[in-house]
2 protein chains.
Amino acid sequence: MKKIEFARETLADAAYAQIAEGILTHDLGPGARLLMDDLAARLGISRTPVREALHRLEMERVIEPGGRRGYIVRELTDAELDKQYAARGAIEPFALAEVARRGGAAAKYVRSTFEELVSAPQTTAMEVFLVNKAIHRCTVEALDNEYLLSMFDVIWQTAMAAHVWADILESRSSVDFPEMHRPIVEAAESGDPELASKVAREHILAGRGLHSIHSAQPVV
Amino acid sequence: MKKIEFARETLADAAYAQIAEGILTHDLGPGARLLMDDLAARLGISRTPVREALHRLEMERVIEPGGRRGYIVRELTDAELDKQYAARGAIEPFALAEVARRGGAAAKYVRSTFEELVSAPQTTAMEVFLVNKAIHRCTVEALDNEYLLSMFDVIWQTAMAAHVWADILESRSSVDFPEMHRPIVEAAESGDPELASKVAREHILAGRGLHSIHSAQPVV
DNA sequence: CCATCGAATAAGGTATACGGTATACGCAAA
DNA sequence: TTTGCGTATACCGTATACCTTATTCGATGG
């Protein structure tokens, strides 16, 4: 059941969602300049909520100030991807190990979330991104610690700007996303924190390798 | 030479700083209700920059929405302190271990930052907070990874609302803040990631214990 | 005294106007 | 052709007005 909460949604929230979607789907590609007046005209609303949405995206490091003229959609370099994956290394093994240590409800939560997500649609870049994020996020959610969640989100929000998700999708014939994550779930249920930490670290290392595979191909 | 950059400060930035200071110094105590119109009048500016500042503090979890009426300054419960310290456990041992692994410039940065901070003034709650934060933050800064830094800041920004820093200060006769952190620096220089991780974890555990000591005293 | 209803008020989201600053453009002089 | 200067324009931060919604308050009736 999906609770209807759109009565609480502000124009700023809607603007944020629209701009974020544009970034993820390449409508607003890397390096694109976002001017609040233009976006306001395009979205048919005033500048105020657009300004808020842009500030939020800035805080999430999805965009960066473009001098005196608006914002620029950030493009993640290889070096920055390395940093993202290093940061993932700080939190995801920690979280998975803790889930394994606790077992019980925490592990069950990871399992049930995974089973729901296995059959979720993954035909667009956005869907791939959201499912991947959700699978990893559930291992942190299971710990019921808002700080850990925010730390996770710090990384994954910016990952939105990593257009490599669409690129990985292009080579999907060689990548089975749900099955790649099954070891995560099994580790969560293992009761062995050391094993869980190891599985998470290896998964992250392998994930970074997927990006490398793409980078090795010529850009047309 | 200090570059003059105050021309870049907006009223929203100034409002943020003022409100944050009020929260840390108890002028705006826990549970206090912040209404943007009141604050605007008090600060002598319009609602717009105040609104921005409040949103920023909200995102940093220093304040939370108070239903339809403004924001409430959050008070950290014991349970939430536990979560903060757990989250610290994810990132600070990771960072210190990495500094130890790298050694060289990273370890030197931690040492030099520490030596600067040892003699920094620590007579007010704010000063104690800032120095403590800076010492721990430098172990993350040394890694030059903005994601790790943001993860660190996610925890420590909210810690601003932890008024226990002033309380710990009251019992300072039994706490030597700089010396408490010297093992951190030595671990950074040790070249031993496992040792560094252990030192960080123990330091965090001991730090949580300081809060407990306070909580055990009657509240007058 | 308590419950209900309508009006007033409080508070915030949004639209729009104003002003400041940086940048771009056009023109004249060297 | 290049450089410098003045003007116009672009863009954003801020102030203020307007509108909506929720809450509070006061009056009335049972």
Side-chain angles (χ1 to χ4, degrees), chain A residues 3-23 27-74, chain B residues 3-23 27-75 161:
Chain A
K3 185 174 179 181
I4 301 179
E5 292 190 322
F6 54 71
R8 282 290 298 143
E9 182 169 74
T10 62
L11 285 183
D13 291 338
Y16 171 85
Q18 292 266 22
I19 297 168
E21 169 122 21
I23 289 171
D27 184 23
L28 304 170
R33 182 173 294 274
L34 308 184
L35 302 174
M36 67 176 73
D37 283 3
D38 291 355
L39 287 168
R42 195 163 157 180
L43 296 172
I45 58 178
S46 81
R47 279 172 44 199
T48 311
V50 172
R51 176 181 167 77
E52 284 193 27
L54 289 176
H55 278 193
R56 188 165 153 201
L57 286 163
E58 180 193 4
M59 288 185 83
E60 292 171 354
R61 226 180 275 104
V62 177
I63 60 179
E64 66 194 349
R68 276 285 292 175
R69 301 296 186 89
Y71 289 93
I72 303 280
V73 178
R74 296 186 69 223
Chain B
K3 183 174 180 181
I4 302 179
E5 291 189 322
F6 52 73
R8 282 291 296 142
E9 181 168 75
T10 61
L11 285 183
D13 290 338
Y16 171 85
Q18 291 265 26
I19 298 168
E21 169 120 23
I23 290 170
D27 185 23
L28 303 171
R33 182 173 294 273
L34 309 184
L35 303 174
M36 70 175 75
D37 283 3
D38 291 354
L39 287 168
R42 194 164 158 178
L43 296 172
I45 57 177
S46 80
R47 278 172 49 198
T48 311
V50 172
R51 175 183 165 78
E52 286 192 25
L54 289 176
H55 278 193
R56 187 164 151 200
L57 286 163
E58 181 193 4
M59 289 186 81
E60 292 173 352
R61 226 182 273 104
V62 177
I63 59 178
E64 65 193 352
R68 276 285 292 179
R69 300 297 186 87
Y71 289 93
I72 303 281
V73 178
R74 296 184 68 223
E75 178 168 14

Answer whether the closest heavy-atom distance between the side chains of Leu54(B) and Leu39(B) falls below 4.5 Å.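 Sidechains of Leu39(B) and Leu54(B): in contact.
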Any heavy-atom pair between the side chains of Arg56(B) and Met59(A) that's under 4.5 Å?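 A side-chain contact under 4.5 Å exists here.
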Let me know, please, whether Leu34(B) or Thr48(A) comes out on the 5' side of the other along DNA chain C by nearest nucleotide.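 Looking at DNA chain C, the more 5' nearest nucleotide goes with Leu34(B).
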Nearest whole angstrom, please: distance from the [atom2] of [N] to the [atom1] of [X].
X	N	atom1	atom2	value
Tyr71(B)	dG12(C)	OH	P	8 Å
Ile45(A)	dC19(D)	CD1	P	19 Å
Arg47(B)	dT16(D)	CZ	P	12 Å
Leu43(B)	dT14(D)	CG	C1'	14 Å
Ile72(B)	dG12(C)	CD1	P	11 Å
Met36(A)	dA15(C)	CE	C1'	14 Å
Asp38(B)	dA10(C)	CG	C1'	10 Å
Leu39(B)	dA11(C)	CG	P	12 Å

Under the criterion side chain to side chain contact (heavy atoms under 4.5 Å, CB included), I'd like the reasoning laid out for Ile63(A) against Ile23(A): C-alpha separation, chi angles, the key distance, then a yes or no. CA-CA 9 Å; Ile63(A) 60 179; Ile23(A) 289 171; 4.0 Å; yes
Heavy atoms from C-beta onward define the side chain here; which of dA11(C), dT14(D), dC11(D) lies closest to that of Leu35(B)?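 Ranking dA11(C), dT14(D), dC11(D) by closest atom to the Leu35(B) side chain puts dA11(C) first.
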Given dC12(D), dT14(D), dT14(C), which nucleotide is nearest the side-chain atoms of Leu11(A)?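 When the side chain of Leu11(A) is considered, dT14(C) is the closest of dC12(D), dT14(D), dT14(C).
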If you assign each of Pro49(B) and Asp37(A) to its closest nucleotide in DNA chain D, which residue comes earlier from the 5' end?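 Looking at DNA chain D, the more 5' nearest nucleotide goes with Asp37(A).
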Check the pair Arg74(A) / Leu57(A) against side chain to side chain contact (heavy atoms under 4.5 Å, CB included), numbers first and verdict last. CA-CA 11 Å; Arg74(A) 296 186 69 223; Leu57(A) 286 163; over 6 Å; no
